[in-house]
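Notes to accompany the following structure.
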Amino acid sequence: MNPPSESVLDVAIIGAGFSGLGLAIRLRQLGRHRFRVFEREPAVGGTWWVNRYPGCACDVPSRLYSYSFAPNPGWSRRFAPAAEIQRYLADCVERFEIRPQLELECEIRQAAWDDSRKIWTLEATDGRRWQARVLVAALGGLSRPLLPDIPGIRDFQGQVFHSQAWPDDFQAEGRQIAVIGTGATAVQLVPRLATSAARLDVYQRTPNWILPRPDRAIGPGWRRLYHRLPWLGRLARGLLWSAAEIRVPALVWNQRLAWFHRRLALKHLKRQVHDPEIRQRLTPDYAMGCKRVLLSSDYYPAFNRPHVELVTDPIDRIESDAIVDSRGRSRTIDTLVLATGFRATAPVPKGLIKGRDGRDLATSWRGGPEAYKGTTVHGFPNLFTLVGPNTAIGHNSLIYIIESQIDYVLDALKVLDRQGASSVEVRAQAQADYNRWLELRLAGSVWNSGGCRSWYLHPETGRNSSIWPGFLYGFRRQTRRFDLQSYQLVEDECPPSRQGE
Ligand code: NAP
């Protein structure tokens with residue numbers, strides 16, 4: 001174990017995914033060097049490093065899936081594979097020279113606010129400690145696996161793993177595999193398993209709306225063109241972004257506007273699945289967009305294969321070598337894949353972030369995460385959450401939201417410096433008003449009233465603590481300036497960030 005060391009940072013960032021790295025790069029560009037990015041994994045990339053299941057790729061067009069300040073003309077496909085996105089992020093680390101500020105394989109056990117010193121203290125699992133004026137939680141909204149509590153699951157004697165913990169040496173050949181779950185992850189991995197497994201059972205609880213995925217390789221000619229003509233990439237990005245935004249009214253205000261995509265999805269299903277009975281079971285009975293709309297052109301055809309079965313009878317129990325459904329039918333398996341999603345409404349582990357008076361962020365968020373503009377939380381001075389509450393979107397690129405939040409944080413740092421303040425905390429009233437506004441906005445939306453259960457909603461309270469309900473530009477406008485009037489500022493007596501400089 002390393003001996004404990006102490007140093008005072010300007011900003012401590014937990015998480016080296018898209019949001020944490022993005023902020024780090026922007027801090028570096030502004031000449032702020034006293035920051036660190038803490039990452040428990042041995043590499044950067046966040047979700048794009050951790051998720052290595054077969055077929056893992058982005059279902060947002062790659063042209064949209066890069067920082068605006070670091071476009072990537074070299075994407076190999078219209079929808080980039082996970083490994084390529086991870087490489088892009090690793091390249092950004094080198095290109096923007098933030099490697100010295102990265103602490104890899106460094107898991108933060110706790111970050112606690114010391115109100116008397118106006119400072120965050122971070123402690124890693126190996127005992128090392130840091131102090132920081134500002135803490136940024138860039139933990140990712142979907143990083144804590146949701147493991148199903150199915151009777152008997154612990155007695156299963158075969159190999160069992162969550163999609164996020166895919167074994168690197170896994171070979172599907174000859175195996176009898178069951179996949180539980182049919183969400184965005186499952187539609188990517190099922191087609192791959194179907195080509196090599198001896199038998200594949202897919203356990204579906206709720207069917208999803210699925211549209212064709214217009215994926216294609218981007219040839220060397222096009223890549224050269226994007227290199228040579230940067231404006232072409234910007235134009236393509238703008239067009240794709242605008243086309244995605246057109247879907248917002250159907251999601252937020254009027255579900256009937258989704259009629260075209262609904263017809264397209266039903267046609268897609270009809271074209272791809274031969275058996276009308278299976279087709280019927282794959283047809284959703286809730287409004288399109290209520291759950292994330294999936295993109296896939298190879299998921300449905302898997303069910304035309306004789307060794308792939310769609311099981312829609314609920315699971316009754318799991319035995320040592322089989323899954324038994326509610327009709328008593330037992331299906332023998334040797335491998336169980338849990339594509340069961342993430343604890344999106346409990347994104348922060350208990351005890352990780354302790355704010356004013358020792359209050360625990362996870363405990364405060366028991367009924368679902370709540371923040372002001374997705375970024376600041378009452379009771380947690382000098383804390384900023386990237387990809388925080390109500391910042392998820394299903395229709396466009398999250399990078400746009402992330403960059404809006406980064407600008408907000410950078411402006412907050414500027415204001416702190418300018419005002420000579422040691423701490424800043426969102427007012428309780430501002431946060432309450434903001435969340436009331438969100439609630440009203442969400443009430444009539446497809447996510448809240450579309451007739452489905454999704455990870456957007458808290459499993460007990462039903463509160464939608466995930467989705468940003470509007471055009472993306474609306475979020476950018478809200479976060480364009482750090483709105484001091486919504487915050488309580490404490491004057492600086494001895495600014496910690498300047499002590500160490
Ligand atoms: P998910 O969408 O939450 O899907 C989980 C699946 O597991 C659902 O089909 C769910 O059924 C099922 N399930 C959960 N618990 C179960 C239980 N106890 N018994 C039976 N079935 C159970 O999770 P995900 O597929 O991992 O995707 C999560 C999110 O990650 C996506 O919405 C997306 O935002 C992101 N993602 C993105 C990409 C990308 O390409 N960009 C790829 C993968 C994931 P119900 O539907 O009935 O709840």
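Order of listing sets the numbers, starting from 1, for every ligand and every atom in it.
Under a 3.5 Å cut-off, the side chain of S143 and the backbone N or O of P347 do not form any donor-acceptor pair. A donor-acceptor pair under 3.5 Å is formed between the side chain of Q405 and the backbone N or O of V387.
The six-membered or imidazole ring of W468 lies away from that of Y400, with a centre-to-centre distance of 6.0 Å or more.
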Please tabulate, line by line, the atom pairs linking an N/O of ligand 1 to a protein N/O at a distance below 3.5 Å, with the distance in Å to 0.1, or answer 'none'.
residue  : atom   : partner : partner atom : Å
ligand 1 : 7 (O)  : A339    : O            : 3.3
ligand 1 : 9 (O)  : T182    : N            : 2.9
ligand 1 : 9 (O)  : T182    : OG1          : 3.4
ligand 1 : 25 (O) : A184    : N            : 3.0
ligand 1 : 25 (O) : T185    : N            : 2.8
ligand 1 : 25 (O) : T185    : OG1          : 3.3
ligand 1 : 26 (O) : T185    : OG1          : 2.6
ligand 1 : 32 (O) : W455    : NE1          : 2.9
ligand 1 : 34 (O) : R292    : NH1          : 3.1
ligand 1 : 40 (O) : A57     : O            : 2.7
ligand 1 : 40 (O) : D59     : N            : 2.9
ligand 1 : 40 (O) : D59     : OD1          : 3.3
ligand 1 : 40 (O) : Q188    : NE2          : 3.1
ligand 1 : 41 (N) : D59     : N            : 3.4
ligand 1 : 41 (N) : D59     : OD1          : 2.9
ligand 1 : 46 (O) : K291    : NZ           : 2.6
ligand 1 : 47 (O) : R205    : NE           : 2.9
ligand 1 : 47 (O) : T206    : OG1          : 2.4
ligand 1 : 48 (O) : R205    : NH2          : 3.0

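Relative to the six-membered ring of Y226, R63 meets both conditions, a distance below 6.0 Å and an angle of at most 45° to the axis. Cation-pi geometry between R77 and W75 is not met at under 6.0 angstrom from the ring centre and within 45 degrees of the axis.
Between W253 and F471, the ring-plane angle classifies as tilted under the 30° and 60° cut-offs.
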